[in-house]
Q: 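Structure provided below as structure tokens; questions to follow.
Naming convention: chains lettered A, B, ... in sequence-line order (proteins, then strands); numbering from 1 in each chain.
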Number of protein chains: 2
Amino acid sequence: MKITIKDIAREANVSTATVSKILNNKDQRISKETRERVLLIAKEKNYIPNLMARSLVTRKTNTIGLVLPDITNPFFPELARGAEDKANKEGYMIMYCNTDDDSEKESSYLEMLAQKMVDGIILTQSANKEGNIESLNKLKIPLVLIDRDINVKNIKGKVLVDNFSGAYEAVDYLLKKGYKKIAYITGPLSTTTAIERLGGYTKALEDSHILINFDLIFEGEYKAQWGIDGTNELLKSKVEFDAIFCGNDLIAINVIRTLKEKNIKVPEDIAVLGYDNIFLSEMIEPPLTTVNQPAYQMGYEAVKLLIDVLDNNKDGKTIKLKTNLVIRKSV
Amino acid sequence: MKITIKDIAREANVSTATVSKILNNKDQRISKETRERVLLIAKEKNYIPNLMARSLVTRKTNTIGLVLPDITNPFFPELARGAEDKANKEGYMIMYCNTDDDSEKESSYLEMLAQKMVDGIILTQSANKEGNIESLNKLKIPLVLIDRDINVKNIKGKVLVDNFSGAYEAVDYLLKKGYKKIAYITGPLSTTTAIERLGGYTKALEDSHILINFDLIFEGEYKAQWGIDGTNELLKSKVEFDAIFCGNDLIAINVIRTLKEKNIKVPEDIAVLGYDNIFLSEMIEPPLTTVNQPAYQMGYEAVKLLIDVLDNNKDGKTIKLKTNLVIRKSV
DNA sequence: CACATCTGCGAAAACGTTTACCTAAGTGCA
DNA sequence: TGCACTTAGGTAAACGTTTTCGCAGATGTG
């Protein structure tokens, strides 16, 4: 049988109120003897507080919802890990949800999290559809956006990365290295990340007075398979190109594989540049030149920001983290 | 303001009991009109049940704890994904925790999960220390082990993989290919997985009448860094070897990298064989020959088993999944 | 000595549900 | 008419906490 605060109260000859105060270290005006007696009994009986009951009255669950597209994409475990580490440090736990970039799954999860009364939600928003934003607006729970931006009212904070300058720097690097016909195999342009990176890509080309060739831009998903399919589409299209900038590393790695299979050498024939700097990007052959995103830090900062918002009930902060180009051998 | 069952009751001129019964579809003896009226009001007011309050009386949270060593190890996202998919399908949510194979973190998490009153816990047990097993025994929550076996009383089920035969098949394959001096860079022998794989390794050698050379066995962690360090130790030790069997793919991939850096060719000079078949194992050069573990399925089955146990209150089942050798180019 | 303040603790309401049991009216039947 | 059932729904306790307010006695203050 679970032992409760009542059992302790009875045994110690005090009221439950007193026990509660002692256990939570709330009311300082309690005699040392009583305090120690209660604490001792609690320890002896191996008392475990019932957080449901507590939450019911305090309206605080010390739980955070983390909703991500897909934990299987190596970018997200890092992020999740950062989030969890900070959460743990602050006494929070994390409920995690994979949306597969499916807006129905997303809103279903958001509702479930609302029922569970999580204190806050950290969200990498999926496909940016009407209905979804509706339901986000309805949501009463503090929301912190991470990675992808979106225009919703009750956002309590954002942790973003400067995708524009990340992409700019990458493409500029390619240009400085002498590449002129740079293809871009991007993720879905329904995400702000993809849009911003596209912005960086075009700006870099413009600044070098290179005309943008839309036949060189291929839009797909942020998934490994798209690296293969995108490369094939690109090759089939017969446009000339000497480098490929990729929406993320997962794509880039599979671009390289596909090129190799066709006996196209990287970087001698074609240069490939990725985005994310997932840990396996340095383990492939050739090691991938890529734009480093501080995934762990993003998760960490998001939780930090959220808890800060929760504690102080102010909002609006946007944290913008920097990327940096990691030069390896694929360019 | 959150609207509650009371608000609905007032508006519909019925008692909260009636509302509760209708919302949960419990008591069939309720007139159609009342039922529909209540349902309508609930929908209109966008009623969201408070799961805390419910859990307090039903003693069920529909939440599962998933405690893993490290989500950053690519084996685990797959597993976590499988777990989450099944959980979601059954109306459960998952709280996830990284232990870093640190037994203190593990027991701290287990206690937190107990406080949150999760219905069950799925555990990949960390370092197999005394105190830990103690605290597991004390735990009152249904426990399903996954991946790593361990001897604890109140286990409600296990989802394991046949590590012995997996390793046996792998080493046997190396032997059949003509390799005779097979080094083994293993994970921590405090885990049952490592022990069982070592068993498969030795048995395969014995069956081929090859004497086991303990100088060829190097024990470390299931981490990327150990692939580098282990290789260096092996090379420094000056024992002769023609193949390396690795504790997992993360190790194997870094073994290959390290060998390459020293201009040792894989597989021409040295063959390398991994374990896990994480998705990046086919993306490296050369693509890794490895033992496939059904990570996704493991997670899926574990949740299935746990929910089954929860619903029917029986226990004891052990599911043992099969591995299979995936032949690529590293041998 | 009269009053104010402090100390140590308790009573009871509140959080939002579920559920075992009860009731009152209606129905069927001999 | 009298009795037993059914129907439709209500009462109230229970789940395990937290928290506001209150109170009695002790102590200080002028």
Q: Just N and O in the side chain of B/S20: are any of them under 4.0 Å from OP1 or OP2 of C/dT18?
A: yes
Q: Determine whether B/D149 and B/K320 satisfy the following criterion, salt bridge (Lys or Arg N to Asp or Glu O under 4.0 Å), listing intermediate values before the conclusion.
A: CA-CA 11 Å; B/D149 197 4; B/K320 202 141 197 171; over 6 Å; no
Q: Would you say NZ of A/K304 has more than 12 non-hydrogen atoms from neighbouring residues, nucleotides or ligands within 6.0 angstrom?
A: no
Q: To the nearest Å, give me how far apart CG (A/N25) and C1' (D/dT19) are.
A: 16 Å
Q: Whole-Å distance between D/dG9 P and B/K26 NZ?
A: 18 Å
Q: Give a yes or no on this: more than 12 heavy atoms of other residues, nucleotides or ligands lie within 6.0 Å of atom NZ of B/K6.
A: no
Q: Would you mind telling me which of A/R59, A/K60, A/K140 makes a salt bridge (Lys or Arg N to Asp or Glu O under 4.0 Å) with A/D119?
A: A/K60
Q: Please check if the number of heavy atoms outside B/E221 that lie under 6.0 Å from its CD is greater than 12.
A: no
Q: Keeping B/D70 on the side-chain end and B/D100 on the backbone end, is there a donor-acceptor pair under 3.5 Å?
A: no
Q: Can you pull out how bent the helix from C/dC1-D/dG30 to C/dA30-D/dT1 is, comparing the axes over its first five and last five pairs, to 10°?
A: 50°
Q: Does a salt bridge link A/E33 with A/R37, judged by any charged N lying under 4.0 Å from a carboxylate O?
A: no
Q: Are any of the side-chain heavy atoms of B/V303 and B/Y92 separated by less than 4.5 Å?
A: no
Q: Could you run down nucleotides 8-16 of chain C 5' to 3' and tag each one B, S or - for protein heavy-atom contact under 4.0 Å?
A: BBBBB--BB
Q: In whole Å, what is the span from the CD1 atom of B/I8 to the P atom of D/dG9?
A: 16 Å
